[in-house]
Amino acid sequence: MHIHIIDALSIAFRAYYAHMNHEFSFQGKPTSVIFGFLNTLLTYIQTCNVQHLIIAFDSGGKTIRHDIYDSYKQHRDAAPEDFSEQIHTLRRMLDALGIHSLSLARYEADDIIATIVHHAMKENIPCSIFSSDKDLTQLINSSVKLLRPLGKGADFEVLGVNEVKTKWGVEASQMQDYLALAGDASDNIPGVRGIGKVSAQKLLHQFASLKDIYQNIEKIQSNSIRNKLLQGKDSAWLSNKLVALYNNLDIPFTPLQWSLSCLHTSKAQDLFFEYGITRIFSTFETLQHSFEKEKKNKVSTSKVVETNTALHRSDAYKLIRTQKELDKWIQRITNNDCFAFDTETDSKNAMQASLIGFSIADGSGAACYVPLRGPQGAVFHTKYIQQSLEALFQNPHTTIIGHNIKYDIKVLMRMGIRYLPKKIFDTMVAAWLLDSTRHNYSIDSAAEQHLSYKTIHFHDLEKIVGKKDFNFSEVPLPQACQYAAEDADITYQLYKVFQPLLVKKELNDIFYNLEMPLTLLLSKMEYQGMNLQTGRIRMQSSDLAQYLHTMEKKIYELCGKEFNINSPRQLQDILFNERKLPVIKKTKTGYSTDIDTLRILATHDPLPEHILHYRMLSKLRSTYLEVLPNLIHPITGKIHTTFQQTVTATGRLSSTTPNLQNIPIKSLEGKKIRYAFTPDKDWVFIGADYSQIELVVLAHFSQDETLCAAFRSGQDIHTLTAASIFSQPLEAVSTEHRRIAKAINFGVIYGMSAFRLANELRITRKKAQEFIQAYFSRYSAVQQFRQEIIEEAHTNGYVRTIKGRVRPLPQISSNNHQVRSAQERIALNTIIQGSAADIIKQAMLDIDHILTQEGLQGCLVLQVHDELLAESPQNEALKCKTLLIQSMEHAVPLSVPLRVQASIAKSWGDLYE
DNA sequence: ACTAACTCGTAC
DNA sequence: GACGTACGAGTTAGTT
């Protein structure tokens with residue numbers, strides 16, 4: 001690796017002055033700096049074959065050097081306004097491109113550069129600095145070069161150790177003292193009065209440093225120079241201080257992230273076009289493509305190298321082969337207050353996986369792998385492993401660190417391990433909590449992001465085993481140890497990084513008191529599962545298959561030919577070419593045939609109605625009826641969903657295999673599926689759901705009098721909204737008005753636009769705008785709250801929910817109106833949706849806690865955002881129901897009453913009767 | 001044969 | 001030009 005660091009303002013100023021007398025603007029906005037900088041940047045990247053790039057910016061405003069010397073750089077005029085403006089835009093462009101840049105308040109770009117160089121040298125990574133600033137020469141050494149732009153063209157001058165010596169006659173390491181003596185007019189460094197280049201050079205030839213000079217000042221022969229030095233002593237030391245660079249700034253050193261292979265031009269396109277910078281943009285595009293090609297070509301060769309480098313660490317990872325060795329490790333671990341733990345299994349599905357080995361890391365840098373079986377068969381007796389695992393988890397005060405530890409816990413539960421982790425630290429959840437807007441929280445990507453470390457990927461083991469679908473027990477033990485122990489080791493290291501980060505970002509409370517206990521609870525809920533009456537499902541599916549078949553025939557008959565009804569493309573042809581129906585809206589690739597479109601077309605033609613009906617039933621069959629029976633666990637006979645705790649950006653849970661959070665309820669046919677979900681024999685379901693939790697949260701935050709009063713009255717919220725926006729008494733509200741009010745209430749939660757509301761209600765946009773205005777004039781505090789949130793989002797760059805959960809809004813300051821308003825809507829919605837998620841999560845913990853405390857057998861089985869489903873023996877059901885209501889209503893204190901409705905039934909579907 | 005993008009529809 | 005958050009099925013076009 002070779003890191004290239006660019007001193008942004010040094011390059012930008014050159015561009016500014018170069019084009020000062022030229023007209024350089026687009027639609028009235030000056031662009032000379034942006035254009036010039038990017039142009040230089042591109043040439044630089046291409047001629048120097050730059051792979052890893054970081055751009056350093058001055059923070060602007062007073063710096064730490066002004067504290068030392070108040071006339072520091074005083075002679076320089078303040079940066080002209082059009083310059084600063086362009087720098088701002090430039091930085092946004094770089095961000096959008098995925099080119100990393102850094103700045104730090106009260107420090108200059110030079111200090112950032114010095115810090116990066118400092119880190120890089122520790123890791124033996126060579127650097128090049130691109131800047132015209134002379135101060136930076138002091139950083140030059142055998143692995144650090146300074147590249148200075150020359151003249152008008154794209155030429156650079158490369159300054160290494162030798163070049164500095166010939167040019168200034170001193171060692172690069174002496175440049176700081178050289179400038180302290182000779183001064184630097186361009187930076188207003190005073191130096192020593194009367195000492196210039198020549199004397200400075202002579203002095204530093206004779207003496208090693210400034211300190212050396214003053215300690216041995218009597219050795220200076222020339223009286224005049226000695227006097228000048230004595231007279232200017234203070235000035236010399238001041239200059240020395242001013243020229244000195246700070247190399248210990250608190251900035252991230254993550255060179256892997258600075259790779260240009262992560263360029264993403266698509267995000268930047270709008271911004272570039274906004275400033276008319278099209279030619280440079282297309283050059284970036286070609287650059288991106290070439291990087292992508294290179295990446296692909298590299299994969300096969302580089303992976304081998306990475307694997308090998310990782311294998312060099314083998315001394316730290318211990319393969320455990322005997323009981324004696326394992327006992328020793330357990331002994332040593334049980335005295336720790338925490339350790340990292342990871343399982344190796346034969347399946348991604350925790351409910352089917354069987355344990356093949358496990359690894360432990362205790363933080364000393366050492367880690368071990370305990371194989372239950374390997375290519376040569378069993379290594380340990382299962383009975384002994386069982387005991388060992390129980391010994392590991394016996395102490396309830398030990399924190400078990402894991403990456404996606406819910407998986408490991410479920411495997412342990414299925415093994416019948418009697419002691420399970422009680423205190424946990426899940427590094428995957430921590431990574432998500434710290435930045436919920438990413439999409440990949442795998443241990444591999446976390447290691448790269450937070451530790452700049454490339455792990456052995458599971459995929460890499462294919463080469464070692466020699467086939468694609470292998471069982472982990474087929475991996476030779478030494479390599480299995482490398483892979484497995486590394487995961488535990490990395491997990492521990494991530495813990496070390498995340499622990500202080502959680503404190504710093506004020507996420508400690510939500511992490512330790514909400515998310516971590518929840519991880520344990522979710523393990524239990526998933527393990528518990530739900531019964532599914534497959535007979536009913538299969539019956540419904542086959543009935544539906546038959547019905548769908550007759551519908552198909554009917555549709556073919558109507559169209560005069562057969563086609564694939566499931567293909568939107570083919571349907572488009574029928575509707576818009578053959579039947580000449582009007583196009584309602586377009587998609588990326590053609591004309592839309594979605595539900596709204598078909599409903600409109602149904603007024604012109606009989607076909608769309610049939611398609612609508614067909615689609616609904618076909619959806620039910622393919623997505624639910626044909627899938628659910630296959631997900632029954634062969635041993636438990638139940639459906640075990642997996643809750644994803646680290647997916648949503650708002651803090652909600654999600655659910656997969658199957659997704660039990662989108663089982664139909666609206667249509668009669670769909671609802672039938674819910675009847676097939678049943679509790680165990682002699683047990684019942686208790687369902688409890690919040691009424692309008694999101695609007696309650698909005699009332700709580702906005703303190704809108706009308707809205708709060710509505711919830712205190714306990715009346716139907718949509719009817720009340722209708723009454724206030726249409727200025728009617730409650731009794732006079734028509735169903736039509738209530739429908740409109742309901743749409744507006746939803747709209748508020750999502751940050752509605754008139755356009756969308758008009759679409760939703762099939763009214764003109766003008767009419768929709770009137771409704772919105774009517775709403776906000778009645779609920780003025782809601783509007784004010786929305787405004788406050790947007791301001792908060794702009795100043796912080798993120799928003800927080802009621803429990804302090806963070807949602808970053810990296811694009812909130814975008815100049816692109818669409819991007820910015822999207823972020824503003826997200827800001828509002830996240831506070832509402834995310835706070836609701838916080839509340840129900842807290843309720844779940846409270847419920848689980850009390851159930852255990854009271855010795856009740858009931859347990860939670862499902863969460864659907866604002867609804868909880870519990871299972872209980874019949875005779876405890878009423879107690880359980882009260883418990884659910886109480887805990888849910890009082891999970892988090894709000895200034896507005898939060899109501900819960902609950903019922904008991906023999907199936908999920910029956911709860912809504 | 002496998003993948004990724006797209007469209008569509010289900011839930012809250 | 002899309003009011004928020006998800007998951008997943010099926011089709012189609014592109015790559016191996």
Side-chain angles (χ1 to χ4, degrees), chain A residues 270 296 436-437 439 468 563-572 585-598 611-612 614-628 631 641-667 669-671 673-674 689-695 698 743-761 765 768 772 786 807 816-819 821-834 836-837 840 862-868:
Chain A
D270 289 352
K296 276 183 191 162
S436 58
T437 53
H439 297 292
K468 208 162 170 231
F563 67 103
N564 186 345
I565 308 172
N566 291 320
S567 161
R569 274 294 285 278
Q570 293 180 38
L571 185 60
Q572 267 173 62
K585 62 179 170 185
K586 289 178 182 173
T587 65
K588 267 185 195 169
T589 55
Y591 305 133
S592 179
T593 67
D594 70 8
I595 196 162
D596 292 325
T597 307
L598 292 183
I611 304 284
L612 280 169
Y614 175 89
R615 280 236 185 109
M616 181 186 80
L617 298 177
S618 167
K619 170 81 176 174
L620 285 182
R621 199 173 115 85
S622 64
T623 306
Y624 305 102
L625 298 173
E626 281 299 287
V627 174
L628 290 173
L631 293 171
T641 186
T642 302
F643 290 107
Q644 306 293 333
Q645 205 177 347
T646 60
V647 167
T648 70
T650 53
R652 272 189 179 181
L653 297 175
S654 77
S655 155
T656 58
T657 55
N659 178 356
L660 291 184
Q661 293 180 321
N662 73 347
I663 302 294
I665 185 152
K666 287 167 187 163
S667 74
E669 294 89 339
K671 201 177 154 187
I673 299 172
R674 295 202 177 203
D689 64 291
Y690 283 115
S691 62
Q692 307 298 342
I693 183 167
E694 295 185 327
L695 288 173
L698 179 62
I744 294 177
N745 275 335
F746 272 98
V748 172
I749 294 167
Y750 301 145
M752 92 187 120
S753 70
F755 179 87
R756 176 64 194 260
L757 188 68
N759 235 344
E760 186 80 24
L761 294 172
R765 210 197 289 194
I772 293 173
R786 185 176 166 273
R807 168 91 188 245
N816 184 325
H817 178 259
Q818 274 166 49
V819 174
S821 14
Q823 293 267 293
E824 291 173 355
R825 286 194 296 273
I826 290 172
L828 181 71
N829 180 258
T830 296
I831 292 192
I832 297 173
Q833 190 185 112
I840 196 165
L862 193 61
Q863 188 250 48
V864 193
H865 311 309
D866 66 351
E867 166 191 2
L868 291 177

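It should be emphasised that the depicted structure is a prediction, and the values quoted were computed from it without experimental measurement. Every chain is numbered from 1, with letters handed out A, B, ... down the list of sequences.
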Are [X] and [Y] close enough that some pair of their side-chain heavy atoms sits under 4.5 Å apart?
X: A:Arg615; Y: A:Ile595; value: no
X: A:Thr623; Y: A:Asn662; value: no
X: A:Gln833; Y: A:Ile749; value: no
X: A:Leu571; Y: A:Phe563; value: yes

Atom [atom1] of [X] to atom [atom2] of [N]: distance rounded to whole Å?
X: A:Leu625; N: B:dT10; atom1: CG; atom2: C1'; result: 13 Å
X: A:Arg569; N: B:dA5; atom1: CZ; atom2: P; result: 18 Å
X: A:Leu617; N: C:dA9; atom1: CG; atom2: P; result: 18 Å
X: A:Lys588; N: C:dG1; atom1: NZ; atom2: P; result: 10 Å
X: A:Ile673; N: B:dG9; atom1: CD1; atom2: P; result: 16 Å
X: A:Glu669; N: B:dT10; atom1: CD; atom2: P; result: 11 Å
X: A:Glu626; N: C:dA9; atom1: CD; atom2: C1'; result: 12 Å
X: A:Gln570; N: B:dC8; atom1: CD; atom2: C1'; result: 15 Å

| field | Bracket notation of DNA chain C in which parentheses pair within the strand, [ ] cross earlier pairs, and | pairs with another strand (Watson-Crick or G-U, under 3.5 Å) | value | ...||||||||||||.
| said: Under the side-chain hydrogen bond (donor to acceptor under 3.5 Å, both in side chains) test against A:Lys585, which residue among A:Asp594, A:Thr597, A:Asn759 passes? | reply: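 Filter result, single survivor: A:Asp594.
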Using a cut-off of less than 4.0 Å, is there contact between a side-chain N or O of [X] and OP1 or OP2 of [N]?
X: A:Asn564; N: C:dT11; answer: yes
X: A:Lys666; N: B:dA11; answer: yes
X: A:Arg615; N: B:dG9; answer: yes
X: A:Ser618; N: C:dG10; answer: no
X: A:Ser592; N: B:dC8; answer: yes
X: A:Ser567; N: C:dG10; answer: no

| message | I'd like the P distance from B:dA5 over to C:dC3, given in whole Å. | response |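 Straight-line distance between the two P atoms is 25 Å.
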| field | Contacts of type ring-ring contact (aromatic ring centres under 6.0 Å, His included), residue A:Tyr591, not counting sequence neighbours | value |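 With neighbours one apart ignored, the set is A:Phe576.
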| said: The criterion is side-chain contact (heavy atoms from CB on, under 4.5 Å); which residues satisfy it with A:His439, sequence neighbours excluded? | reply: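 If we apply the side-chain contact (heavy atoms from CB on, under 4.5 Å) test to A:His439, skipping adjacent residues, there are no hits.
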| message | If the condition is side-chain contact (heavy atoms from CB on, under 4.5 Å), which residues does A:Glu669 pass it with, not counting sequence neighbours? | response |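 Expected list: A:His613, A:Met616, A:Leu617, A:Leu620, A:Ser667.
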| query | Can you name the salt bridge (charged side-chain N to carboxylate O under 4.0 Å, His left out) partners of A:Arg825, sequence neighbours left out? | reply |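 Partners of A:Arg825 under the salt bridge (charged side-chain N to carboxylate O under 4.0 Å, His left out) test: none.
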Regarding [X], tell me which of base, sugar-phosphate or nothing describes its non-hydrogen contacts under 4.0 Å with the strands shown.
X: A:Ile665; answer: sugar-phosphate
X: A:Ile595; answer: sugar-phosphate
X: A:Leu660; answer: nothing

| query | What string of B, S and - do you get for nucleotides 2-7 of chain C, 5' to 3', when a contact is any protein heavy atom under 4.0 Å? | reply | SBBBSB
| query | What distance do A:Gln863 atom CD and A:Leu660 atom CG have between them, rounded to the nearest 0.5 Å? | reply |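 A:Gln863 atom CD to A:Leu660 atom CG measures 11.5 Å (nearest 0.5 Å).
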